[in-house]
Student: 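Mind looking over this structure? Questions follow.
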Amino acid sequence: MKFRVEREVLADAVTWVARGLPARPPVPVLAGVLIEANEEGSLTLSAFDYEVSAKVTVPAEVAEPGTVLVLGRLLADISRNLPNRPIDVTTEGNKVAVTCGSSRFSLLMMPSEDYPTLPTAPEPTGTIAGDVFTQAVAQVSIAADRGDTLPILTGVRVEVDGEKMTLLATDRYRLAMRELTWNPEATDASHVALIPARTLSETAKALGAAGSIEVALGGAAGGDGLVGFEAGQRRTTTRLLDGEYPKVTSIFPTSVDTEAVVKTSELVEAVKRVSLVAERNTPVRLRFSEGQVTIEAGTGDDAQASEAVESTLTGPEVEIAFNPQFLLDGLGAVGTEFSRLSFTQPSRPAVLSGQAEIDGEADTSYRYVLMPVRFAS
Amino acid sequence: MSRRQFALPERTSDTPLDDSGCTVLHVDMDAFYASATLLSHPDLVGTPVIIGGGGNRGVVLSATYEARRFGVTSAMPMARARRLCPQATVLPPDHRLYSRISDAVMATFASVTPFVEPLSLDEAFLDVAGAVRRLGSPATIGQLIRDTVADEQGITCSVGVAPTKFVAKLASGLAKPDGMVVVPRAEVVGFVQQLPVGALWGVGDRTEEALLRLGLRTVADIAHTPVATLKRAMGEAAGAHLHDLAWGRDPRGVEPVRRERSIGSDETFAHDVDDPAYIHRQLLKLSDRTAARVRAAGLMGRTISIKVRFSDFTTITRSKTLRDPTDVSRDIYETARGLFDALGLQRARIRLVGVRVEQLVDAGGAPIQGLLDEPDRGWREADRAVDRASARFGAGSVRPASLIDDRRTGFPRPPGDIS
């Protein structure tokens with residue numbers, strides 16, 4: 001095998017496929033990146049750890065086609081650090097020579113015949129705008145569980161019903177849900193998939209820059225239990241989480257007693273400042289009254305802080321306490337100039353959504369339901 | 001404090017006992033569990049009686065002085081106690097009776113001074129500085145307490161009167177049974193320094209060994225060893241601490257509310273057990289018991305730990321820290337069970353399991369991050385209801401069905417249950 005490729009091109013490609021490689025793989029070959037040089041002048045790089053697969057095709061001057069498997073992280077580190085000149089890659093016996101200018105690396109070739117077959121390239125179920133997808137994933141994945149108590153909650157639930165796609169995640173303390181429109185191949189598309197939140201976030205970050213992302217769900221992804229994403233020359237598949245996602249429809253409050261609209265950035269700043277005195281597991285307390293919301297933290301002998309922010313009020317005054325980080329996560333995700341907070345009782349979940357104008361309509365395409373902190377009696 | 005008994009040192013002065021400034025009292029019931037049990041067995045008074053769990057696996061909870069004469073001490077394995085004193089009558093403990101008497105005794109203490117620091121059911125430190133004008137000198141108060149307890153409860157106690165907790169505790173030990181020892185302020189140093197090193201607070205078998213190796217046999221030896229030498233030999237903190245005690249200095253005050261660092265309970269099985277289902281039930285029982293105590297103390301804990309002792313006495317502990325503090329029986333059980341299952345034991349023979357709640361905080365006003373899907377009334381409320389039922393009908397009147405005593409209900413025992 002022998003090919004020449006631009007440094008930028010190789011560095012980007014290897015970095016992307018190698019990003020998810022396990023540090024201590026169960027089988028040594030899984031630490032590798034498979035490089036296939038084709039006669040048509042393209043290079044396909046792929047990596048797979050049985051959970052996530054990544055594949056990218058880039059242009060190259062191929063003198064002699066062939067396939068090699070080399071350590072992925074090592075090749076990524078090398079290609080990033082080489083000078084900005086064309087890179088020549090050739091096989092020499094059981095070594096792979098990487099030459100760039102006067103730099104020369106010799107890498108051990110790993111047995112490519114032991115490498116597992118990647119899931120087949122998925123046929124898309126539909127496409128979604130890159131920026132919408134990136135934002136939606138970021139908005140929802142903050143609420144996914146990071147613990148190990150309930151593995152199912154570490155996922156983002158993606159539901160497709162025709163042109164409507166709903167992303168949802170919860171760690172039982174808060175729940176984030178985003179509804180958006182996408183372009184399915186079939187108007188009667190109907191799917192439910194539970195995608196690991198961490199992998200989904202990484203995928204969205206890696207592919208989001210593209211104008212349009214192809215999504216493959218269900219059988220189209222190359223077998224049940226997989227989801228595929230493709231943008232440009234990058235393709236990735238992820239194994240879905242298995243299990244029954246809890247019923248969440250009853251979590252959304254059916255009524256609203258008090259509503260308040262605040263400028264998102266002002267509330268974020270105030271909560272960040274006040275929560276500096278909130279010790280571990282202690283909440284910030286928000287008192288919504290006519291014209292303002294007062295944010296307080298700290299009690300008794302501890303340090304205390306308070307700050308007031310302008311706010312509208314509809315309905316009776318309410319005082320409610322939240323974990324400051326959970327509140328900030330939600331405020332950071334709405335992505336609009338104003339935030340609308342809806343309450344029933346101080347012990348019941350509050351709903352956060354965004355809106356563009358202070359006296360405009362709430363944009364309910366994104367909803368963040370947050371359970372308050374109460375005090376033991 | 002060592003359990004060993006020491007002879008009462010000789011007084012260093014002939015002047016009458018001056019108890020002014022001796023405001024710390026240590027009151028200790030004499031053979032509490034044994035004396036209390038004998039209230040309902042008057043025929044056994046004056047005979048050797050051992051109180052302890054059934055079978056040969058239990059330990060001695062208490063013994064009458066007649067039994068102690070044969071070498072029986074509390075915490076001794078039952079089998080050994082029976083060998084030492086085969087003629088003793090063995091009676092099972094009656095914990096409800098003990099806590100009732102204990103409550104009454106503590107109420108008596110509380111009528112003397114608000115500064116009562118209970119150490120266990122049957123002993124407490126009292127700081128009577130504020131009661132002297134009302135009730136008389138510390139020794140008078142000590143005698144008053146002894147008389148009241150004897151009249152009202154029918155059991156005797158011993159009192160140590162001294163300027164510090166450490167000396168008061170030593171004094172009450174020397175006063176036993178049914179006596180009182182006053183150590184005047186001027187005689188504290190002489191009193192303490194006559195004692196062997198093992199009498200010092202914080203000196204157990206190990207430390208005593210280390211001290212004896214250095215040729216330090218009495219407290220006076222320690223007192224006259226340079227602090228720097230002690231620190232080098234025993235460690236920075238322990239060295240300074242020993243030196244202070246050796247000169248009768250004990251900075252600890254009587255603290256009315258003792259903050260527990262952890263609450264837990266253990267269970268030693270009658271026979272070694274290798275059935276995980278049985279262990280799970282024991283963990284449930286211990287978790288229930290521990291959680292009830294945590295709630296009764298108005299506390300919540302964030303770290304749950306389990307202890308497992310195998311048949312060869314190797315003991316391991318495992319712990320897990322939760323996101324939020326809890327006092328819910330079910331949370332504690334599920335964590336404890338998870339910790340046990342994570343050990344991945346393959347039919348290992350287990351002698352003892354224990355459950356403990358650590359990192360305790362006050363429950364009053366503790367923030368609780370609610371769950372979106374929690375019911376209005378959940379396990380926390382169920383626990384409260386169980387606590388109320390237990391307060392009215394006795395502990396264990398409401399409990400998990402798997403813990404209902406099969407011997408009483410006649411239900412067949414599950415396979416592998418060898419309790």
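Chain letters run A, B, ... following the sequence lines, proteins first, then strands; residues in each count from 1.
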Student: Flag the one option from D324(B), D373(B), D327(B) with the top tally of heavy-atom pairs under 4.5 Å to chain A.
Tutor: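 Ranked by heavy-atom pairs under 4.5 Å with chain A, first place is D373(B).
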Student: How many angstroms lie between CZ in R174(A) and CG in L371(B), if you round to the nearest 0.5 Å?
Tutor: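 So the gap between those two atoms works out to 12.5 Å.
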Student: Looking at I251(A), L370(A), T299(A), which one has more heavy-atom pairs under 4.5 Å with chain B than the rest?
Tutor: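 Of the options given, most contacts go to I251(A).
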Student: Could you tell me which of R302(B), R323(B), E374(B) has the largest number of non-hydrogen atom pairs under 4.5 Å with chain A?
Tutor: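 Counting heavy-atom pairs under 4.5 Å, the top option is R323(B).
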Student: Enumerate the ring pair (Phe, Tyr, Trp, His ring centres under 6.0 Å) contacts for residues 311-333 of chain A, please, sequence neighbours excluded, ordered by first and then second residue.
Tutor: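 Matches after skipping sequence neighbours: Y173(A)-F326(A).
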Student: Could I get the full list of side chain to side chain donor-acceptor pair (under 3.5 Å) partners for R351(B), not counting sequence neighbours?
Tutor: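 None.
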Student: Of the backbone (N, CA, C, O) and the side chain (C-beta and beyond), which part of V369(A) lies under 4.5 Å from a heavy atom of chain B, both, or neither?
Tutor: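 Looking at V369(A), backbone and side chain both touch chain B.
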Student: Does atom OH of Y98(B) have more than 12 heavy-atom neighbours, drawn from other residues, nucleotides or ligands, at distances under 6.0 Å?
Tutor: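 Correct, the count exceeds 12.
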Student: A quick test of your reading: do over 12 heavy atoms of other residues, nucleotides or ligands sit less than 6.0 Å from CD of Q325(A)?
Tutor: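 Counting neighbours around CD of Q325(A), more than 12 heavy atoms of other residues, nucleotides or ligands fall under 6.0 Å, so yes.
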Student: On a heavy-atom basis, which atom in V373(A) and which in P367(B) lie closest, and how many Å separate them?
Tutor: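 Scanning both residues completely, I find the closest heavy atoms to be CG1-CB, 3.5 Å.
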Student: Rounded to the nearest 0.5 Å, what separation is found between the CZ atom of R172(A) and the CD atom of Q369(B)?
Tutor: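 Separation between the atoms: 11.5 Å.
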Student: If you count the non-hydrogen atoms of other residues, nucleotides and ligands that lie under 6.0 Å from CZ in R198(A), is the total more than 12?
Tutor: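 At most 12 heavy atoms, drawn from other residues, nucleotides or ligands, come within 6.0 Å of this atom.
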